[in-house]
Participant: 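Structure below; questions to follow.
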Amino acid sequence: MNTGYASFVSRDAQSLQVERLANEAMEKASKSEPVRIEPGEYETILEPYAVSELLSFLGTLGFHALAVQEGRSFLCDQFGKRIVDPRITIYDDGLNPDGLQVPFDFEESQNKRSPFSMRSGR
Amino acid sequence: MCREERNLILRVVVGKRIAVVTTNDFRTSSLKDLLHKAIPLAKAQLPKEDFVSLPGPRSVPDVRTFSSSIRGLTPGTKVTLIRELGLLAHERGFQTSGASLTGQVEVAIVNSLGSRLTNPIPMCFSISLSTTE
């Protein structure tokens with residue numbers, strides 16, 4: 001059984017393109033038949049929805065100062081170390097026009113582009 | 001389904017010791033009780049050595065976060081949108097399910113150093129479709 005998924009998020013409901021969204025989900029469901037594979041390590045290509053979900057969990061679990069201060073972030077004691085592939089850059093930017101902009105965060109900090117230490121690649 | 005809620009998050013700072021408490025009871029007596037509980041709680045915390053200070057007054061970028069096109073979306077309108085999506089897929093032999101969500105959150109932040117920030121009703125609209133062939 002093939003399945004497909006598509007999603008749209010915006011501050012402007014009128015920018016929704018119904019046909020485009022439906023086509024996206026249908027095209028994925030129309031790909032070749034899924035095959036069963038054994039558990040193991042595989043080179044994997046994640047679609048943007050999957051990356052978004054992944055980043056959301058990383059944000060909840062570790063990408064904030066309180067979690068680091070309280071010693072429960074996976075980033076504790078990792079500053080300055082390379083913990084991801086050097087081709088990966090992760091940053092927080094509350095003013096990025098491609099995202100859902102918010103001018104400040106709950107700690108009253110003015111939002112601006114802030115790279116995480118994972119970026120350094122050293 | 002529609003849900004409306006209000007929450008207050010109070011952060012008390014005593015030197016470098018910090019406590020965070022929350023409530024959804026906005027009665028004055030309840031808020032006073034909350035404060036009286038938070039102060040000794042803060043004093044009992046281990047100091048956060050990285051903490052410098054709460055921020056003082058400042059300006060923030062003027063970001064447009066309000067959309068009248070979202071405020072005008074009724075539950076019926078959203079159902080119609082999902083049906084429209086589903087029909088397009090159904091015509092090509094797919095089974096579908098969909099969901100739509102709209103939300104608005106108004107954030108106000110005030111601190112004892114004079115910072116007062118309000119965010120003018122950020123709104124967000126999302127819609128998703130799953131298809132099965």
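Below, read A as the first sequence line, B as the second, and so on, with proteins coming before strands; counting in each chain starts at 1.
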Participant: Is there a path of hydrophobic side-chain contacts, each under 4.5 Å between heavy atoms of I, L, V, M, F, W or Y residues, that connects A:Val84 with A:Phe74?
Facilitator: yes
Participant: Quick check: closest heavy atoms across B:Ser69 and A:Ala13, and the distance to 0.1 Å?
Facilitator: OG-N, 3.1 Å
Participant: Quick check on the hydrophobic clustering: are B:Leu8 and B:Leu41 connected, directly or via other members, by side-chain heavy-atom contacts under 4.5 Å?
Facilitator: yes
Participant: May I ask you to name which of B:Leu81, B:Thr132, B:Ile9, B:Val20 has the most heavy-atom pairs under 4.5 Å with chain A?
Facilitator: B:Thr132
Participant: For a quick test of reading the model, state the closest non-hydrogen atom pair linking B:Ile70 to A:Asp12 and the distance between them.
Facilitator: CD1-N, 4.2 Å
Participant: Which region of A:Ser30, side chain (C-beta onward) or backbone (N, CA, C, O), has a non-hydrogen atom less than 4.5 Å from a non-hydrogen atom of chain B, or is it both or neither?
Facilitator: both
Participant: Looking only at heavy atoms, which two atoms of A:Pro103 and B:Pro61 are closest? And how far apart?
Facilitator: CB-O, 3.5 Å
Participant: Of all the heavy-atom pairs spanning B:Leu88 and A:Glu19, show the shortest one and how long it is.
Facilitator: CD1-CA, 3.7 Å
Participant: Ignoring hydrogens, what is the shortest heavy-atom contact between B:Ile109 and A:Phe104? Give both atom names and the distance.
Facilitator: CD1-CE1, 3.6 Å
Participant: Is any side-chain heavy atom of A:Asn23 less than 4.5 Å from a side-chain heavy atom of B:Arg92?
Facilitator: yes
Participant: List the atom pairs, with distances to 0.1 Å, where a side-chain N or O of residues 94-103 of chain B and a protein N or O form a donor-acceptor pair under 3.5 Å, not counting sequence neighbours.
Facilitator:
unit_1: B:Ser100; atom_1: OG; unit_2: B:Ser126; atom_2: O; d: 3.1
unit_1: B:Thr102; atom_1: OG1; unit_2: B:Lys78; atom_2: NZ; d: 3.0

Participant: For A:Phe57, is the CZ atom crowded, meaning more than 12 foreign heavy atoms sit under 6.0 Å from it?
Facilitator: no
Participant: According to salt bridge (charged side-chain N to carboxylate O under 4.0 Å, His left out), does anything in residues 39-68 of chain A pair up with another residue at least two apart or in another chain? List the pairs.
Facilitator: A:Lys28-A:Glu47
Participant: Identify which of A:Ala22, A:Ala6, A:Ser15 forms the greatest number of heavy-atom pairs closer than 4.5 Å to chain B.
Facilitator: A:Ala6
Participant: Inspect the surroundings of NZ in B:Lys48 and state if more than 12 heavy atoms from other residues, nucleotides or ligands are less than 6.0 Å away.
Facilitator: yes
Participant: For B:Val63 versus A:Gln101, what's the shortest heavy-atom pair and its separation?
Facilitator: CG1-CB, 3.4 Å
Participant: Linking I/L/V/M/F/W/Y whenever any side-chain heavy atoms sit under 4.5 Å apart, do B:Leu85 and A:Leu16 land together?
Facilitator: yes
Participant: Group every Ile, Leu, Val, Met, Phe, Trp and Tyr by side-chain heavy-atom contacts under 4.5 Å, then state whether A:Leu75 and A:Leu58 land in the same group.
Facilitator: yes
Participant: Checking heavy atoms, do the side chain of B:Leu73, its backbone, both or neither come under 4.5 Å from chain A?
Facilitator: side chain
